[in-house]
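One structure below.
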Amino acid sequence: DLPLFPARRSSDLFMLNGPGTLNVSGPGSKFGSSYGGASAIGAGARVTVQNGGALFGGSSITLSGITGGSELYVNGGSVTVGAALNGNLVVNTSGSGSAIVTVTNGGSISTESTTGGLRFGGSGGWAVVNLDGGTLTTARVYENNAAVLSTNNFNGGILQAVSGTSQGATFMAGLDRANVRNGGAH
């Protein structure tokens, strides 16, 4: 359903544009590569990583806020962003739309870099991370452009620092909102 476009540069892993959904599910189901390269989830695309599924983003995974927005939904599966080039999960890099990341049902997202992390940023729009019963392991959570409305919702999930991070003093910085819902923050 979802068009998979060739990488724009030889260092890119994948670029997904919508509308449509890519489902990664079941034991042993994998998509992407753990070797360098950038990955993009583009306009109108939704990537769902179910129980047993794994998504690998190389040096970064970028969610676009361009028309229609984009979504990464981790429902019991795992997402790994490698340590190369500061290893960022970038939410809403451009546009006035939305980019949403949800981690639930024991799912996990790990950014392996000790200097990168979960980055809210771009040229406008809004970016949301919902931690609803999963685990997010990262060096830091930060906003790099005030033009983006950034929100981190905690509802039973776990946010933890990656081992060896050098970002402890600024682990969470610049967010517009951090909401603690009924499930709490851990």
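Small disclaimer: the values here were computed from a predicted structure and weren't measured.
Each of Val101, Ile109, Val74, Val79 was compared with Leu136 under the side chain to side chain contact (heavy atoms under 4.5 Å, CB included) criterion, and only Ile109 meets it.
The backbone N or O of Gly87 lies less than 3.5 Å from no partner atom in the side chain of Ser59, so there is not a single donor-acceptor pair. Side chain of Ser64 to main chain of Gly42: no donor-acceptor pair is present (N/O by atom type, distance under 3.5 Å, no hydrogens or angles). Side-chain atoms of Asn88 never come within 3.5 Å of backbone atoms of Val90 as a donor-acceptor pair (strictly under, hydrogens ignored).
The shortest side-chain heavy-atom distance between Thr111 and Arg140 does not fall under the 4.5 Å cut-off.
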Task: side-chain contact (heavy atoms from CB on, under 4.5 Å) evaluation trace for Phe120 with Leu175 - done: CA-CA 8 Å; Phe120 295 94; Leu175 300 182; 3.2 Å; yes

Task: His186 vs Thr135, side-chain contact (heavy atoms from CB on, under 4.5 Å): CA-CA, chis, key distance, verdict - done: CA-CA 9 Å; His186 303 281; Thr135 301; over 6 Å; no

Open item on the list: Is there a side-chain contact (heavy atoms from CB on, under 4.5 Å) between Ile100 and Tyr73? Walk through the geometry before answering.
Closed with: CA-CA 8 Å; Ile100 300 169; Tyr73 187 77; over 6 Å; no

Open item on the list: The test is side-chain contact (heavy atoms from CB on, under 4.5 Å); show your working for Thr102 and Asp132 and say whether it passes.
Closed with: CA-CA 7 Å; Thr102 300; Asp132 295 338; 3.9 Å; yes

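Shown here for Met172 and Leu159, the closest heavy-atom pair between the two residues is CE-CD2, 3.4 Å. The shortest non-hydrogen separation linking Gly174 to Ser150 is O-OG, 4.2 Å. The two residues Gly134 and Leu131 have their closest heavy-atom pair at O-CD1, 3.7 Å. Taking all atoms of both residues into account, the shortest heavy-atom contact from Thr165 to Ala161 is CG2-CB, 4.1 Å. In terms of heavy atoms, Asn179 sits closest to Asn153 at ND2-OD1, 2.8 Å.
In this structure, the separation between OG1 on Thr138 and CZ on Arg119 is 12.0 Å, given to the nearest 0.5 Å. Rounding to the nearest 0.5 Å places CD1 of Ile41 at 6.5 Å from OG of Ser70. Atom CG in Asn75 sits 8.0 Å away from atom OG1 in Thr48 (nearest 0.5 Å). A distance of 10.5 Å separates CZ of Phe56 from OG of Ser110, quoted to the nearest 0.5 Å. The structure places CG of Leu63 at 12.0 Å from CZ of Arg46, a figure rounded to the nearest 0.5 Å.
Hydrophobic clustering (ILVMFWY, side-chain heavy atoms < 4.5 Å, transitive): Val91 and Val162 are in distinct clusters. Taking hydrophobic clusters as Ile, Leu, Val, Met, Phe, Trp and Tyr residues chained together by side-chain heavy-atom distances below 4.5 Å, Val141 does not share a cluster with Ile158. Under the 4.5 Å side-chain heavy-atom criterion for ILVMFWY residues, a single connected hydrophobic cluster contains both Leu72 and Val24. Linking ILVMFWY side-chain heavy atoms closer than 4.5 Å, directly or via other members, places Phe154 and Leu118 in a single hydrophobic cluster.
Glu112 pairs by the salt bridge (Lys or Arg N to Asp or Glu O under 4.0 Å) definition with nothing, not counting sequence neighbours.
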